[in-house]
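In what follows, a single structure is set out as C-alpha cells and then discussed.
Owing to the predicted nature of the structure, the values given are computational and were not obtained by experimental measurement.
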Amino acid sequence: MSRTPFVAGNWKMHKTIADAEAFVSGLLPLAGDVDDVQIGLAVPFTALQAVVDSTRGSAVRVYAQNVHWAEHGAYTGEVSIAMLDELDVHGVVVGHSERRQYFNETDADLRKKVPALLAAGLEPILCVGESDAQREAGETEQVLRTQVVEDLADVADEDLAKVTVAYEPIWAIGTGKVATPQQAQDACAFIRSVIAERFAEQAAQVRIQYGGSVKPDNAAELLGLPDVDGALVGGAALEPASLAGIIDGARA
Ligand code: 13P
C-alpha cells in the first residue's frame with residue numbers, strides 16, 4: 001500500500017497577513033510544483049484568506065488550526081465549519097495538544113468535530129499523543145488508544161482513511177527532543193493497528209504523520225519509517241527554506 005507523504009507546517013500563533021504572504025512568496029519557488037508530496041500549511045484564522053489566495057494553483061493546501069463542531073450558535077469567539085469552507089480551506093487541524101492542554105479541547109469535542117468536518121468535505125488532521133509522565137508510566141498505548149477510538153467513534157468505517165492522524169508526543173513538541181525512529185514507528189504502527197480493528201483496508205490507507213521537533217536534518221530518517229507517512233511541523237515550518245528541506249526529506 002503506497003501512501004502519498006504529507007508534510008504540513010503548523011504556524012500556531014505566528015504570522016500576520018504580511019508575514020504569511022512573505023512566507024508563501026518564499027516557499028512557492030522552492031516547493032510550489034512538488035507533486036509527489038502533499039504539502040499543507042495550518043494558518044491562523046486571520047491569514048487564511050490571504051494564504052488560500054496566494055497558494056491557489058500550487059501544490060500547497062491550506063488548513064485552519066481549530067473549528068467549532070456546531071453549525072452556528074451562541075459561541076462567542078468560535079468559528080464554524082461553514083465559515084472556513086467559505087474561505088476554501090482544505091481542512092482543519094483538530095485536537096492539537098496545545099488546544100487540549102490550554103483550551104480544554106476534549107475527546108468528546110473531537111468526536112463531534114471530526115465527522116462534522118468530513119460531512120462538509122474538509123480533511124481533519126487529528127492530533128494525538130502522550131505526555132512525558134504518561135510515557136514514563138508506560139501508558140502511551142492506552143492514551144493513544146483512547147484518543148483514536150473516542151475521537152473517531154462517529155466516523156463511518158468507510159471514511160476513516162479521509163482523516164489524517166498526527167502522532168505528536170507532547171514531550172517532543174518545541175523541545176528539540178525528537179522521538180527516536182523506533183518510538184515514532186512503534187506509536188504510528190500502534191495507531192494504525194487500532195484503526196485496523198475497525199477496518200483493515202482503511203487503516204492501510206490512512207496517513208499518519210509524526211510531529212515533534214522535526215527538522216530538515218532528521219526528516220528523511222523519520223519519514224522513511226514504514227508507518228510514518230509525513231510530518232506535522234511547528235518551529236521548522238516558520239521559514240520557507242526549512243519547510244522545503246523537510247519536504248525534500250519526504251522525497252528521499
Ligand atoms: P515543533 O515542530 O515546534 O516541535 O512543533 C510540533 C507541533 O506541535 C506541530 O503541530
Side-chain angles (χ1 to χ4, degrees), residues 4-17 19-24 26-28 31-32 34 37-56 58-68 78-81 83-103 105 109-110 113-114 116-118 120-129 151 162-168 170 172-174 207-215 219 229-240 242-244 246-247 250:
T4 304
F6 179 16
V7 174
N10 174 12
W11 286 347
K12 308 191 180 185
M13 197 174 73
H14 295 280
K15 298 196 188 295
T16 62
I17 294 174
D19 296 338
E21 287 183 329
F23 178 98
V24 171
L27 183 68
L28 291 186
V34 167
V37 179
Q38 186 182 321
I39 303 170
L41 290 175
V43 170
F45 289 128
T46 45
L48 280 171
Q49 185 71 69
V51 176
V52 166
D53 290 342
S54 59
T55 56
R56 215 180 283 282
S58 79
V60 179
R61 294 173 173 179
V62 182
Y63 295 74
Q65 298 177 10
N66 184 33
V67 70
H68 198 277
E78 292 291 316
V79 167
S80 75
I81 291 171
M83 293 169 190
L84 295 176
D85 198 21
E86 188 179 42
L87 299 181
D88 222 6
V89 305
H90 192 82
V92 183
V93 173
V94 292
H96 194 282
S97 59
E98 289 150 15
R99 296 220 59 88
R100 293 180 189 255
Q101 272 182 291
Y102 308 142
F103 304 101
E105 185 169 35
D109 294 324
L110 292 159
K113 290 184 185 192
V114 177
L117 284 166
L118 292 172
L122 298 184
E123 178 191 347
I125 300 179
L126 170 66
C127 304
V128 298
D151 301 353
K162 294 179 182 162
V163 179
T164 293
V165 180
Y167 168 61
E168 297 207 310
I170 296 168
I173 295 177
R207 281 181 307 180
I208 304 178
Q209 298 171 316
Y210 165 79
S213 299
V214 178
K215 309 278 181 247
D229 306 317
L232 186 58
V233 185
L238 293 174
E239 293 299 330
S242 161
L243 184 60
I246 294 170
I247 293 164

Next item on the list: First locate atom CD of Gln49, then atom CG of Asp88, and finally report the distance between them rounded to the nearest 0.5 Å.
Entry: 8.0 Å
Next item on the list: Return the set of residues passing salt bridge (Lys or Arg N to Asp or Glu O under 4.0 Å) with Lys12 (not counting sequence neighbours), or none when no residue passes.
Entry: Glu98
Check: Can Asn10 and Tyr63 be said to form a side-chain contact (heavy atoms from CB on, under 4.5 Å), step by step?
Finding: CA-CA 9 Å; Asn10 174 12; Tyr63 295 74; over 6 Å; no
Notebook entry, point to check: How about Asn66 and His96: do any of their side-chain heavy atoms sit closer than 4.5 Å?
Noted result: no
Margin query: Let me confirm one number: the CG-CG distance from Asp85 to Leu122, rounded to the nearest 0.5 Å.
Written below: 4.5 Å
Checklist line | Verdict with reasoning, Asp151 to Lys113, per side-chain contact (heavy atoms from CB on, under 4.5 Å) | finding: CA-CA 8 Å; Asp151 301 353; Lys113 290 184 185 192; over 6 Å; no
Notebook entry, point to check: Would a distance-only check, ignoring hydrogens and angles, find a side-chain to backbone donor-acceptor pair under 3.5 Å from Arg99 to Val94?
Noted result: no
Checklist line | Mutual orientation of the aromatic rings belonging to Phe23 and Trp11 [parallel < 30°, tilted 30-60°, perpendicular > 60°] | finding: perpendicular
Notebook entry, point to check: Can you name the nearest heavy-atom pair linking Ser242 to Ala236, along with the distance?
Noted result: OG-O, 2.5 Å
Note to self: Keeping Gln209 on the side-chain end and Phe6 on the backbone end, is there a donor-acceptor pair under 3.5 Å?
What the structure shows: yes
Notebook entry, point to check: What residues form a ring pair (Phe, Tyr, Trp, His ring centres under 6.0 Å) with Tyr167, not counting sequence neighbours?
Noted result: none
Note to self: For a quick test of reading the model, state the closest non-hydrogen atom pair linking Pro240 to Gly26 and the distance between them.
What the structure shows: CB-C, 3.7 Å
Next item on the list: Check for a donor-acceptor pair, side chain of Gln65 on one end and backbone N or O of Ala42 on the other, with a separation under 3.5 Å.
Entry: yes
Next item on the list: Could you tell me which non-hydrogen atom of Gly174 sits nearest to which non-hydrogen atom of Ser213, and how far apart they are?
Entry: N-OG, 4.0 Å
Notebook entry, point to check: What pair of heavy atoms forms the shortest contact from Pro5 to Ala250, and how long is it?
Noted result: CG-O, 3.9 Å
Next item on the list: Measure the OG1-CD distance between Thr55 and Glu21 for me, rounded to the nearest 0.5 Å.
Entry: 10.5 Å
Notebook entry, point to check: Closest approach of Glu105 and Gly95, non-hydrogen atoms and distance?
Noted result: OE1-N, 3.1 Å
Margin query: Rounded to the nearest 0.5 Å, what separates atom CE in Met13 from atom OG1 in Thr46?
Written below: 10.0 Å
Next item on the list: With rounding to the nearest 0.5 Å, note down the distance linking CD in Glu123 to CZ in Arg61.
Entry: 7.0 Å
Notebook entry, point to check: Has Glu239 got more than 12 heavy atoms of other residues, nucleotides or ligands less than 6.0 Å from its CD?
Noted result: no
Item checked: Non-hydrogen side-chain atoms of Val60 and Val24 separated by less than 4.5 Å -> no
Check: After noting the C-alpha distance and the side-chain angles of Val51 and Leu41, does the key distance pass the side-chain contact (heavy atoms from CB on, under 4.5 Å) rule?
Finding: CA-CA 9 Å; Val51 176; Leu41 290 175; 4.2 Å; yes
Notebook entry, point to check: Hey, does the side chain of Lys15 reach the backbone of Val43 with a donor-acceptor pair shorter than 3.5 angstrom?
Noted result: no
Check: Are the side chain of Glu168 and the backbone N or O of Gly129 linked by a donor-acceptor pair below 3.5 Å?
Finding: no
Next item on the list: For the pair Ser80 (side chain) and Met83 (backbone), establish whether a donor and an acceptor sit closer than 3.5 Å, ignoring hydrogens and angles.
Entry: yes
Check: If every non-hydrogen atom of Ala59 is compared with every non-hydrogen atom of Ala31, which pair is closest and at what distance?
Finding: CB-O, 4.3 Å
Margin query: Can you tell me how far apart CG (Leu28) and CD1 (Ile39) are? Round to the nearest 0.5 Å.
Written below: 9.0 Å
Item checked: Donor-acceptor under 3.5 Å (Arg100 side chain, Cys127 main chain) -> yes
Item checked: Set of residues satisfying salt bridge (Lys or Arg N to Asp or Glu O under 4.0 Å) with respect to Asp229, sequence neighbours excluded -> Arg3, Arg192
